[in-house]
Amino acid sequence: MERKDFETWLDNISVTFLSLTDLQKNETLDHLISLSGAVQLRHLSNNLETLLKRDFLKLLPLELSFYLLKWLDPQTLLTCCLVSKQWNKVISACTEVWQTACKNLDWQIDDSVQDALHWKKVYLKAILRMKQLEDHEAFETSSLIGHSARVYALYYKDGLLCTGSDDFSAKLWDVSTGQCVYGIQTHTCAVVKFDEQKLMTGSFDNTVACWEWSSGARTQHFRGHTGAVFSVDYNDELDIMVSGSADFTVKVWALSAGTCLNTLTGHTEWVTKVVLQKCKVKSLLHSPGDYILLSADKYEIKIWPIAREINCKCLKTLSVSEDRSICLQPRLHFDGKYIVCSSALGLYQWDFASYDILRVIKTPEIANLALLGFGDVFALLFDNHFLYIMDLRTESLISRWPLPEYRKSKRGSSFLAGEASWLNGLDGHNDTGLVFATRMPDHSIHLVLWKEHG
(Lines give C-alpha, C1' and ligand atoms only; values in the text may rest on other atoms or scores of the structure.)
Protein backbone atom coordinates (compact mmCIF):
# COMPACT_ATOMS: atom_id res chain seq x y z
CA MET A 1 0.00 0.00 0.00
CA GLU A 2 1.29 3.40 -0.94
CA ARG A 3 2.12 5.81 1.88
CA LYS A 4 -0.66 8.22 0.93
CA ASP A 5 -3.24 5.47 0.73
CA PHE A 6 -2.02 4.02 4.06
CA GLU A 7 -2.41 7.37 5.83
CA THR A 8 -5.95 7.73 4.43
CA TRP A 9 -6.81 4.20 5.58
CA LEU A 10 -5.30 4.85 9.02
CA ASP A 11 -7.33 8.05 9.44
CA ASN A 12 -10.54 6.26 8.56
CA ILE A 13 -9.94 3.28 10.80
CA SER A 14 -8.92 5.63 13.67
CA VAL A 15 -12.22 7.50 13.38
CA THR A 16 -14.10 4.23 13.40
CA PHE A 17 -12.04 2.91 16.34
CA LEU A 18 -12.82 6.00 18.41
CA SER A 19 -16.52 5.50 17.85
CA LEU A 20 -16.47 2.00 19.32
CA THR A 21 -17.38 1.11 22.88
CA ASP A 22 -14.66 0.09 25.32
CA LEU A 23 -15.60 -3.56 24.92
CA GLN A 24 -15.46 -3.30 21.10
CA LYS A 25 -12.08 -1.53 21.31
CA ASN A 26 -10.73 -4.35 23.45
CA GLU A 27 -11.99 -6.99 21.02
CA THR A 28 -10.42 -5.11 18.10
CA LEU A 29 -7.05 -4.92 19.89
CA ASP A 30 -7.22 -8.61 20.79
CA HIS A 31 -7.86 -9.47 17.15
CA LEU A 32 -4.98 -7.29 15.90
CA ILE A 33 -2.62 -8.80 18.50
CA SER A 34 -3.57 -12.30 17.37
CA LEU A 35 -2.63 -11.32 13.81
CA SER A 36 0.73 -9.79 14.86
CA GLY A 37 4.10 -11.42 14.49
CA ALA A 38 7.22 -11.23 16.71
CA VAL A 39 8.34 -7.86 15.35
CA GLN A 40 4.96 -6.26 16.05
CA LEU A 41 4.66 -7.77 19.54
CA ARG A 42 8.16 -6.57 20.51
CA HIS A 43 7.28 -3.09 19.26
CA LEU A 44 4.05 -3.19 21.27
CA SER A 45 5.84 -4.31 24.44
CA ASN A 46 8.45 -1.56 24.27
CA ASN A 47 5.88 1.19 23.79
CA LEU A 48 3.47 -0.10 26.45
CA GLU A 49 6.23 -0.03 29.11
CA THR A 50 6.88 3.66 28.36
CA LEU A 51 3.17 4.52 28.40
CA LEU A 52 2.21 2.60 31.55
CA LYS A 53 5.31 2.97 33.77
CA ARG A 54 5.64 6.72 33.99
CA ASP A 55 7.91 8.04 36.75
CA PHE A 56 5.42 10.44 38.31
CA LEU A 57 7.79 11.34 41.17
CA LYS A 58 10.29 12.51 38.56
CA LEU A 59 7.72 14.31 36.42
CA LEU A 60 5.80 16.09 39.18
CA PRO A 61 6.87 19.46 40.63
CA LEU A 62 8.91 18.99 43.81
CA GLU A 63 6.19 20.56 46.02
CA LEU A 64 3.60 18.02 44.79
CA SER A 65 6.05 15.16 45.25
CA PHE A 66 6.61 16.22 48.87
CA TYR A 67 2.85 16.38 49.43
CA LEU A 68 2.39 12.83 48.15
CA LEU A 69 5.32 11.51 50.18
CA LYS A 70 3.76 12.78 53.42
CA TRP A 71 1.07 10.09 53.09
CA LEU A 72 3.54 7.21 53.12
CA ASP A 73 4.81 5.52 56.27
CA PRO A 74 8.59 5.75 56.95
CA GLN A 75 9.28 2.09 56.20
CA THR A 76 7.66 2.43 52.76
CA LEU A 77 9.69 5.60 52.16
CA LEU A 78 12.90 3.74 52.91
CA THR A 79 11.88 1.06 50.41
CA CYS A 80 11.10 3.75 47.83
CA CYS A 81 14.60 5.16 48.29
CA LEU A 82 15.90 1.95 46.70
CA VAL A 83 13.92 2.41 43.46
CA SER A 84 16.35 4.83 41.81
CA LYS A 85 18.88 7.55 42.54
CA GLN A 86 16.27 10.15 41.55
CA TRP A 87 13.70 8.78 44.00
CA ASN A 88 16.28 8.60 46.78
CA LYS A 89 17.26 12.20 46.09
CA VAL A 90 13.69 13.48 46.18
CA ILE A 91 12.64 11.48 49.27
CA SER A 92 15.81 12.34 51.18
CA ALA A 93 15.20 16.05 50.50
CA CYS A 94 11.77 16.15 52.15
CA THR A 95 12.43 17.64 55.61
CA GLU A 96 8.83 17.51 56.83
CA VAL A 97 8.51 13.80 56.06
CA TRP A 98 11.50 12.80 58.19
CA GLN A 99 10.77 15.29 60.97
CA THR A 100 7.26 13.83 61.24
CA ALA A 101 8.69 10.30 61.26
CA CYS A 102 10.94 11.23 64.20
CA LYS A 103 8.05 12.93 66.04
CA ASN A 104 5.89 9.84 65.62
CA LEU A 105 8.59 7.89 67.46
CA ASP A 106 8.37 10.53 70.23
CA TRP A 107 11.98 11.47 69.65
CA GLN A 108 12.76 15.01 70.80
CA ILE A 109 13.64 17.14 67.76
CA ASP A 110 14.65 20.72 67.02
CA ASP A 111 12.23 22.04 64.36
CA SER A 112 14.64 24.83 63.45
CA VAL A 113 16.99 22.32 61.79
CA GLN A 114 15.83 22.14 58.16
CA ASP A 115 18.39 19.67 56.85
CA ALA A 116 16.29 16.76 55.52
CA LEU A 117 19.24 14.38 55.30
CA HIS A 118 19.97 15.08 58.99
CA TRP A 119 16.44 14.02 59.96
CA LYS A 120 16.58 10.93 57.80
CA LYS A 121 19.78 9.90 59.61
CA VAL A 122 18.14 10.64 62.98
CA TYR A 123 15.20 8.44 62.03
CA LEU A 124 17.47 5.58 60.96
CA LYS A 125 19.40 5.94 64.22
CA ALA A 126 16.11 5.89 66.15
CA ILE A 127 14.97 2.70 64.42
CA LEU A 128 18.28 1.03 65.22
CA ARG A 129 18.17 2.08 68.89
CA MET A 130 14.55 0.98 69.35
CA LYS A 131 15.37 -2.39 67.81
CA GLN A 132 18.35 -2.75 70.16
CA LEU A 133 16.05 -2.01 73.10
CA GLU A 134 13.49 -4.56 71.93
CA ASP A 135 16.24 -7.16 71.43
CA HIS A 136 17.78 -6.32 74.85
CA GLU A 137 21.04 -5.33 73.17
CA ALA A 138 21.18 -1.56 73.83
CA PHE A 139 23.65 -1.63 76.74
CA GLU A 140 27.11 -2.77 77.72
CA THR A 141 28.87 -3.12 81.07
CA SER A 142 32.03 -1.92 82.75
CA SER A 143 33.57 -1.81 86.25
CA LEU A 144 35.37 0.68 88.48
CA ILE A 145 37.97 -0.79 90.85
CA GLY A 146 39.75 1.11 93.60
CA HIS A 147 38.07 0.83 97.01
CA SER A 148 39.37 -1.60 99.61
CA ALA A 149 36.13 -1.95 101.64
CA ARG A 150 32.42 -2.01 100.90
CA VAL A 151 31.00 0.96 99.00
CA TYR A 152 27.92 2.47 100.64
CA ALA A 153 27.17 5.66 98.72
CA LEU A 154 26.91 6.62 95.04
CA TYR A 155 26.10 9.91 93.31
CA TYR A 156 26.26 10.75 89.58
CA LYS A 157 26.43 14.09 87.79
CA ASP A 158 27.61 15.22 84.34
CA GLY A 159 29.69 12.16 83.49
CA LEU A 160 31.26 11.91 86.94
CA LEU A 161 30.46 9.26 89.57
CA CYS A 162 31.26 9.74 93.25
CA THR A 163 31.63 6.72 95.55
CA GLY A 164 31.85 6.70 99.34
CA SER A 165 33.26 3.67 101.14
CA ASP A 166 33.93 2.01 104.49
CA ASP A 167 37.64 2.45 103.71
CA PHE A 168 37.21 6.07 104.91
CA SER A 169 37.55 7.50 101.42
CA ALA A 170 35.48 9.08 98.68
CA LYS A 171 36.50 8.85 95.04
CA LEU A 172 35.39 10.78 91.96
CA TRP A 173 35.43 8.81 88.72
CA ASP A 174 35.26 9.81 85.07
CA VAL A 175 32.73 7.27 83.78
CA SER A 176 33.82 7.56 80.14
CA THR A 177 37.45 6.65 80.88
CA GLY A 178 37.09 4.71 84.13
CA GLN A 179 39.81 6.86 85.69
CA CYS A 180 39.74 8.15 89.26
CA VAL A 181 39.83 11.98 89.12
CA TYR A 182 39.99 12.68 92.87
CA GLY A 183 40.41 10.55 95.99
CA ILE A 184 40.14 12.07 99.46
CA GLN A 185 40.08 10.73 103.01
CA THR A 186 36.69 11.08 104.72
CA HIS A 187 34.59 9.49 107.45
CA THR A 188 32.42 6.44 106.61
CA CYS A 189 29.94 7.62 104.00
CA ALA A 190 26.26 6.69 104.02
CA VAL A 191 25.47 9.27 101.32
CA VAL A 192 27.44 11.60 99.02
CA LYS A 193 26.62 14.57 96.82
CA PHE A 194 29.08 16.84 94.99
CA ASP A 195 29.66 19.72 92.62
CA GLU A 196 32.79 21.06 90.92
CA GLN A 197 34.34 22.45 94.11
CA LYS A 198 33.02 20.42 97.02
CA LEU A 199 31.80 17.08 98.28
CA MET A 200 29.02 16.70 100.87
CA THR A 201 28.94 13.47 102.88
CA GLY A 202 26.46 12.08 105.38
CA SER A 203 27.89 9.50 107.73
CA PHE A 204 27.14 6.67 110.13
CA ASP A 205 28.90 8.82 112.76
CA ASN A 206 25.69 10.99 112.82
CA THR A 207 27.34 14.00 111.13
CA VAL A 208 27.48 15.70 107.75
CA ALA A 209 30.77 17.02 106.40
CA CYS A 210 31.76 19.27 103.50
CA TRP A 211 35.08 18.60 101.76
CA GLU A 212 37.13 20.50 99.19
CA TRP A 213 38.06 18.37 96.18
CA SER A 214 41.27 20.18 95.30
CA SER A 215 42.86 19.95 98.74
CA GLY A 216 40.88 17.15 100.40
CA ALA A 217 40.34 19.40 103.42
CA ARG A 218 37.16 19.31 105.46
CA THR A 219 35.70 22.82 105.26
CA GLN A 220 32.56 22.31 107.36
CA HIS A 221 31.25 19.82 109.92
CA PHE A 222 27.52 19.65 110.72
CA ARG A 223 26.78 18.08 114.12
CA GLY A 224 23.35 17.57 115.68
CA HIS A 225 21.76 14.34 114.50
CA THR A 226 21.58 11.44 116.93
CA GLY A 227 21.42 8.78 114.22
CA ALA A 228 23.15 7.97 110.96
CA VAL A 229 22.61 10.50 108.15
CA PHE A 230 21.15 8.72 105.13
CA SER A 231 20.41 11.59 102.73
CA VAL A 232 21.63 15.15 102.06
CA ASP A 233 20.77 17.87 99.57
CA TYR A 234 21.89 21.48 99.32
CA ASN A 235 21.44 24.71 97.39
CA ASP A 236 24.23 27.28 97.17
CA GLU A 237 21.83 30.05 96.13
CA LEU A 238 19.75 29.58 99.29
CA ASP A 239 22.86 28.80 101.37
CA ILE A 240 20.92 25.86 102.77
CA MET A 241 21.72 22.20 103.33
CA VAL A 242 19.14 19.61 104.43
CA SER A 243 19.76 16.17 105.91
CA GLY A 244 17.61 13.14 106.71
CA SER A 245 18.56 10.76 109.49
CA ALA A 246 17.88 7.51 111.33
CA ASP A 247 16.81 9.69 114.29
CA PHE A 248 13.50 10.27 112.40
CA THR A 249 14.26 13.99 111.81
CA VAL A 250 15.12 16.33 108.96
CA LYS A 251 17.54 19.15 109.76
CA VAL A 252 17.92 22.42 107.87
CA TRP A 253 21.41 23.93 108.05
CA ALA A 254 23.10 27.16 107.05
CA LEU A 255 25.48 25.83 104.41
CA SER A 256 28.27 28.37 104.86
CA ALA A 257 28.04 28.78 108.64
CA GLY A 258 27.41 25.13 109.53
CA THR A 259 24.69 26.01 112.05
CA CYS A 260 21.38 24.21 112.40
CA LEU A 261 18.47 26.48 111.48
CA ASN A 262 15.61 24.11 112.15
CA THR A 263 14.75 20.49 112.97
CA LEU A 264 11.67 19.12 111.20
CA THR A 265 9.83 16.37 113.04
CA GLY A 266 6.90 14.12 112.25
CA HIS A 267 8.53 11.08 110.71
CA THR A 268 8.24 7.84 112.68
CA GLU A 269 10.79 5.89 110.61
CA TRP A 270 14.29 6.48 109.29
CA VAL A 271 14.32 9.42 106.87
CA THR A 272 16.02 7.83 103.86
CA LYS A 273 15.55 10.59 101.28
CA VAL A 274 15.48 14.41 101.24
CA VAL A 275 15.06 16.45 98.03
CA LEU A 276 15.40 20.24 97.74
CA GLN A 277 13.77 21.35 94.49
CA LYS A 278 12.27 24.49 92.92
CA CYS A 279 8.49 24.28 92.41
CA LYS A 280 7.25 24.63 88.81
CA VAL A 281 3.46 24.75 89.33
CA LYS A 282 1.01 27.02 91.17
CA SER A 283 -1.39 25.91 93.89
CA LEU A 284 -3.00 27.30 97.02
CA LEU A 285 0.05 26.30 99.05
CA HIS A 286 2.97 27.27 96.78
CA SER A 287 3.91 29.25 93.68
CA PRO A 288 6.31 28.61 90.80
CA GLY A 289 9.84 29.43 91.93
CA ASP A 290 9.30 28.46 95.58
CA TYR A 291 11.85 26.01 96.92
CA ILE A 292 10.22 22.86 98.28
CA LEU A 293 11.67 20.21 100.56
CA LEU A 294 10.51 16.60 100.29
CA SER A 295 11.43 14.02 102.90
CA ALA A 296 10.57 10.33 102.74
CA ASP A 297 10.60 7.39 105.09
CA LYS A 298 9.42 3.80 104.81
CA TYR A 299 5.73 4.77 104.66
CA GLU A 300 5.33 8.51 104.04
CA ILE A 301 6.47 11.45 101.93
CA LYS A 302 6.31 14.83 103.67
CA ILE A 303 6.29 18.19 101.85
CA TRP A 304 7.77 21.30 103.48
CA PRO A 305 7.78 24.94 102.16
CA ILE A 306 11.46 25.53 102.84
CA ALA A 307 11.72 28.93 101.12
CA ARG A 308 8.89 30.77 102.85
CA GLU A 309 10.05 30.43 106.42
CA ILE A 310 12.79 28.62 108.25
CA ASN A 311 10.42 27.42 110.98
CA CYS A 312 8.14 25.81 108.41
CA LYS A 313 5.27 23.42 108.95
CA CYS A 314 4.54 20.33 106.90
CA LEU A 315 2.24 21.16 103.98
CA LYS A 316 1.15 17.65 103.17
CA THR A 317 1.86 14.00 103.94
CA LEU A 318 1.51 11.47 101.11
CA SER A 319 1.23 7.70 101.47
CA VAL A 320 -0.13 4.74 99.53
CA SER A 321 -1.91 3.08 102.45
CA GLU A 322 -3.49 4.68 105.51
CA ASP A 323 -2.85 1.63 107.71
CA ARG A 324 0.85 1.51 106.73
CA SER A 325 0.42 -1.96 105.27
CA ILE A 326 2.30 -0.97 102.09
CA CYS A 327 5.91 0.23 102.18
CA LEU A 328 7.45 2.77 99.81
CA GLN A 329 10.59 1.79 97.94
CA PRO A 330 13.62 3.89 98.98
CA ARG A 331 13.68 6.02 95.83
CA LEU A 332 11.89 9.30 95.14
CA HIS A 333 11.47 11.38 91.96
CA PHE A 334 10.45 15.04 92.14
CA ASP A 335 10.90 17.44 89.20
CA GLY A 336 8.87 20.39 90.52
CA LYS A 337 5.65 19.19 88.85
CA TYR A 338 5.21 15.55 89.80
CA ILE A 339 6.18 13.27 92.67
CA VAL A 340 6.79 9.63 91.78
CA CYS A 341 7.56 6.76 94.10
CA SER A 342 7.32 2.98 93.78
CA SER A 343 5.73 0.47 96.13
CA ALA A 344 4.60 -3.14 96.11
CA LEU A 345 1.35 -1.91 94.48
CA GLY A 346 3.13 -0.22 91.57
CA LEU A 347 4.40 3.23 90.59
CA TYR A 348 2.49 6.13 92.15
CA GLN A 349 2.49 9.53 90.44
CA TRP A 350 1.14 12.57 92.33
CA ASP A 351 0.30 15.95 90.82
CA PHE A 352 2.25 18.48 92.87
CA ALA A 353 -0.29 21.28 92.33
CA SER A 354 -3.19 19.33 93.85
CA TYR A 355 -1.42 16.44 95.64
CA ASP A 356 -3.88 14.12 93.86
CA ILE A 357 -2.76 10.73 92.59
CA LEU A 358 -2.64 11.03 88.80
CA ARG A 359 -2.07 7.36 88.11
CA VAL A 360 -0.88 4.09 89.51
CA ILE A 361 1.20 2.05 87.05
CA LYS A 362 1.10 -1.64 87.79
CA THR A 363 3.31 -4.34 86.33
CA PRO A 364 1.46 -7.57 87.11
CA GLU A 365 4.00 -9.69 85.23
CA ILE A 366 6.83 -8.52 87.53
CA ALA A 367 6.23 -7.64 91.18
CA ASN A 368 8.10 -5.17 93.41
CA LEU A 369 9.88 -3.16 90.73
CA ALA A 370 11.91 -0.31 92.24
CA LEU A 371 12.09 3.15 90.66
CA LEU A 372 15.37 4.55 89.36
CA GLY A 373 14.28 7.32 87.01
CA PHE A 374 11.05 8.79 85.63
CA GLY A 375 10.48 11.07 82.63
CA ASP A 376 7.85 12.16 80.12
CA VAL A 377 8.31 9.09 77.90
CA PHE A 378 10.28 6.41 79.76
CA ALA A 379 10.80 5.10 83.28
CA LEU A 380 13.88 3.19 84.45
CA LEU A 381 13.10 0.37 86.91
CA PHE A 382 14.87 -2.64 88.36
CA ASP A 383 14.52 -5.66 90.59
CA ASN A 384 17.03 -8.16 91.97
CA HIS A 385 17.79 -9.62 88.56
CA PHE A 386 17.12 -7.12 85.75
CA LEU A 387 17.15 -3.48 84.75
CA TYR A 388 13.92 -2.51 82.91
CA ILE A 389 12.79 0.30 80.63
CA MET A 390 9.08 1.10 80.66
CA ASP A 391 7.33 3.05 77.90
CA LEU A 392 5.05 5.32 79.94
CA ARG A 393 2.76 5.92 76.96
CA THR A 394 1.72 2.27 76.95
CA GLU A 395 2.82 1.43 80.52
CA SER A 396 4.59 -1.64 79.12
CA LEU A 397 8.13 -2.90 79.65
CA ILE A 398 10.01 -2.62 76.35
CA SER A 399 13.52 -3.69 77.33
CA ARG A 400 15.53 -5.36 80.07
CA TRP A 401 19.16 -5.95 80.95
CA PRO A 402 20.58 -8.60 83.32
CA LEU A 403 22.14 -7.43 86.57
CA PRO A 404 24.78 -9.25 88.62
CA GLU A 405 24.33 -10.20 92.26
CA TYR A 406 24.93 -6.79 93.79
CA ARG A 407 25.02 -5.63 97.44
CA LYS A 408 21.51 -4.52 98.36
CA SER A 409 20.65 -1.65 100.67
CA LYS A 410 17.27 -0.95 102.28
CA ARG A 411 18.03 2.77 102.02
CA GLY A 412 18.53 2.68 98.27
CA SER A 413 22.01 4.20 98.37
CA SER A 414 23.80 1.27 96.76
CA PHE A 415 22.38 1.85 93.26
CA LEU A 416 21.49 4.82 91.09
CA ALA A 417 20.47 5.94 87.62
CA GLY A 418 22.92 7.75 85.37
CA GLU A 419 22.01 10.19 82.60
CA ALA A 420 18.33 11.14 82.83
CA SER A 421 17.54 13.35 79.80
CA TRP A 422 16.68 10.34 77.58
CA LEU A 423 13.78 9.53 79.92
CA ASN A 424 11.97 12.55 78.41
CA GLY A 425 12.44 11.10 74.92
CA LEU A 426 15.39 9.95 72.85
CA ASP A 427 16.85 12.48 70.40
CA GLY A 428 19.76 10.61 68.82
CA HIS A 429 22.32 12.26 71.09
CA ASN A 430 21.20 11.70 74.69
CA ASP A 431 21.40 7.89 74.61
CA THR A 432 25.04 7.86 75.68
CA GLY A 433 26.93 7.44 78.92
CA LEU A 434 25.88 5.90 82.21
CA VAL A 435 22.50 4.20 82.64
CA PHE A 436 22.89 2.44 85.99
CA ALA A 437 25.51 1.87 88.68
CA THR A 438 25.63 -0.37 91.73
CA ARG A 439 28.18 -1.60 94.27
CA MET A 440 29.44 -5.19 94.19
CA PRO A 441 30.48 -7.62 96.97
CA ASP A 442 34.13 -7.32 95.87
CA HIS A 443 34.01 -3.51 96.54
CA SER A 444 33.99 -2.66 92.81
CA ILE A 445 31.31 -0.61 91.04
CA HIS A 446 29.26 -2.27 88.28
CA LEU A 447 28.29 0.11 85.46
CA VAL A 448 25.63 -0.30 82.78
CA LEU A 449 26.28 2.04 79.82
CA TRP A 450 24.55 2.85 76.55
CA LYS A 451 26.13 0.92 73.72
CA GLU A 452 27.49 3.16 70.97
CA HIS A 453 25.38 3.41 67.81
CA GLY A 454 26.33 1.04 65.05
Side-chain angles (χ1 to χ4, degrees), residues 144-225 227-245 250-262 271 273-278 291 293 306 310 411 413-414 416 418-420 433-434 437 439 443-445 447:
L144 302 176
I145 300 173
H147 283 291
S148 58
R150 62 180 176 175
V151 176
Y152 251 108
L154 302 169
Y155 184 79
Y156 177 81
K157 179 183 178 182
D158 299 334
L160 299 172
L161 178 68
C162 182
T163 57
S165 170
D166 269 359
D167 63 9
F168 297 96
S169 76
K171 295 182 183 295
L172 190 65
W173 308 82
D174 184 328
V175 172
S176 63
T177 64
Q179 299 300 309
C180 181
V181 180
Y182 287 113
I184 61 176
Q185 294 299 306
T186 63
H187 47 186
T188 57
C189 297
V191 61
V192 293
K193 185 172 183 179
F194 71 90
D195 56 39
E196 291 80 2
Q197 284 79 38
K198 63 181 176 296
L199 166 68
M200 198 73 65
T201 60
S203 176
F204 294 102
D205 66 9
N206 307 344
T207 70
V208 179
C210 183
W211 313 81
E212 187 178 67
W213 281 122
S214 58
S215 65
R218 187 176 65 191
T219 59
Q220 201 62 262
H221 206 187
F222 304 84
R223 301 174 182 271
H225 280 295
V229 179
F230 293 143
S231 183
V232 297
D233 202 356
Y234 64 88
N235 183 280
D236 289 312
E237 179 185 346
L238 296 176
D239 191 33
I240 280 178
M241 187 270 289
V242 292
S243 56
S245 169
V250 176
K251 287 188 179 291
V252 182
W253 310 80
L255 183 59
S256 56
T259 56
C260 182
L261 302 175
N262 197 12
V271 181
K273 188 66 177 179
V274 290
V275 178
L276 194 58
Q277 172 70 31
K278 187 177 288 188
Y291 276 94
L293 169 63
I306 197 70
I310 294 301
R411 298 174 290 100
S413 62
S414 63
L416 56 70
E419 299 291 345
L434 184 66
R439 63 182 187 179
H443 318 320
S444 67
I445 310 300
L447 307 180

**OP:** Given side chain to side chain contact (heavy atoms under 4.5 Å, CB included), test M200 with L255 step by step and report yes or no.
**Re:** CA-CA 10 Å; M200 198 73 65; L255 183 59; 3.4 Å; yes
Subject >> Test side chain to side chain contact (heavy atoms under 4.5 Å, CB included) applied to W253 and I240, step by step >> reply: CA-CA 6 Å; W253 310 80; I240 280 178; over 6 Å; no
**OP:** Kindly indicate, with the supporting measurements, whether the criterion side chain to side chain contact (heavy atoms under 4.5 Å, CB included) is fulfilled by S243 and V232.
**Re:** CA-CA 4 Å; S243 56; V232 297; 4.2 Å; yes
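Atom CG in L172 sits 11.0 Å away from atom NZ in K157 (nearest 0.5 Å). Here C210 contributes atom SG and K198 contributes atom NZ; the two are 6.0 Å apart, rounded to the nearest 0.5 Å. The distance from the CH2 atom of W213 to the CD1 atom of I184 is 5.0 Å, given to the nearest 0.5 Å. Once rounded to the nearest 0.5 Å, the distance linking NE2 of H147 with OG of S444 reads 10.5 Å. Rounding to the nearest 0.5 Å gives a distance of 10.5 Å between NZ of K251 and CG of L261. The line from CG of L447 to OH of Y156 is 10.0 Å long, rounded to the nearest 0.5 Å.
Results of the ring pair (Phe, Tyr, Trp, His ring centres under 6.0 Å) test with Y152 over F230, F204, F168 single out F204 as the only residue that passes. Remark: of the listed residues I145, V175, L154, L154 is the sole one forming a side chain to side chain contact (heavy atoms under 4.5 Å, CB included) with I445.
What you find for S231 and V274 is that their closest heavy atoms are OG-N, 2.9 Å. Across every non-hydrogen atom of V275 and K273, the tightest pair is CG2-CE, 3.9 Å. The minimum heavy-atom distance between F194 and L160, with the atom names listed, is CZ-O, 3.6 Å. In terms of heavy atoms, F222 sits closest to A254 at CE2-O, 3.7 Å. Between Q220 and S256, the closest heavy-atom pair is NE2-O, 2.8 Å. Taking all atoms of both residues into account, the shortest heavy-atom contact from R150 to S165 is O-OG, 3.0 Å.
No donor-acceptor pair under 3.5 Å is formed between the side chain of S169 and the backbone N or O of Q185. Under the 3.5 Å distance criterion, the side-chain polar atoms of D167 are matched with a main-chain donor or acceptor of S148. Side chain of S203 to backbone of T188: a donor-acceptor contact under 3.5 angstrom is found. Checked by atom type and distance alone, the side chain of D233 pairs as donor or acceptor with a backbone atom of L276 at under 3.5 Å.
The closest side-chain heavy-atom distance from K193 to V191 is not below 4.5 Å. Taking the side chain as every heavy atom from C-beta outward, L416 and L161 approach each other to under 4.5 Å.
Side chain to side chain, T207 and H221 meet the donor-acceptor criterion of an N or O pair below 3.5 Å.
Not counting sequence neighbours, the partners of Q197 by the side-chain contact (heavy atoms from CB on, under 4.5 Å) test are D195.
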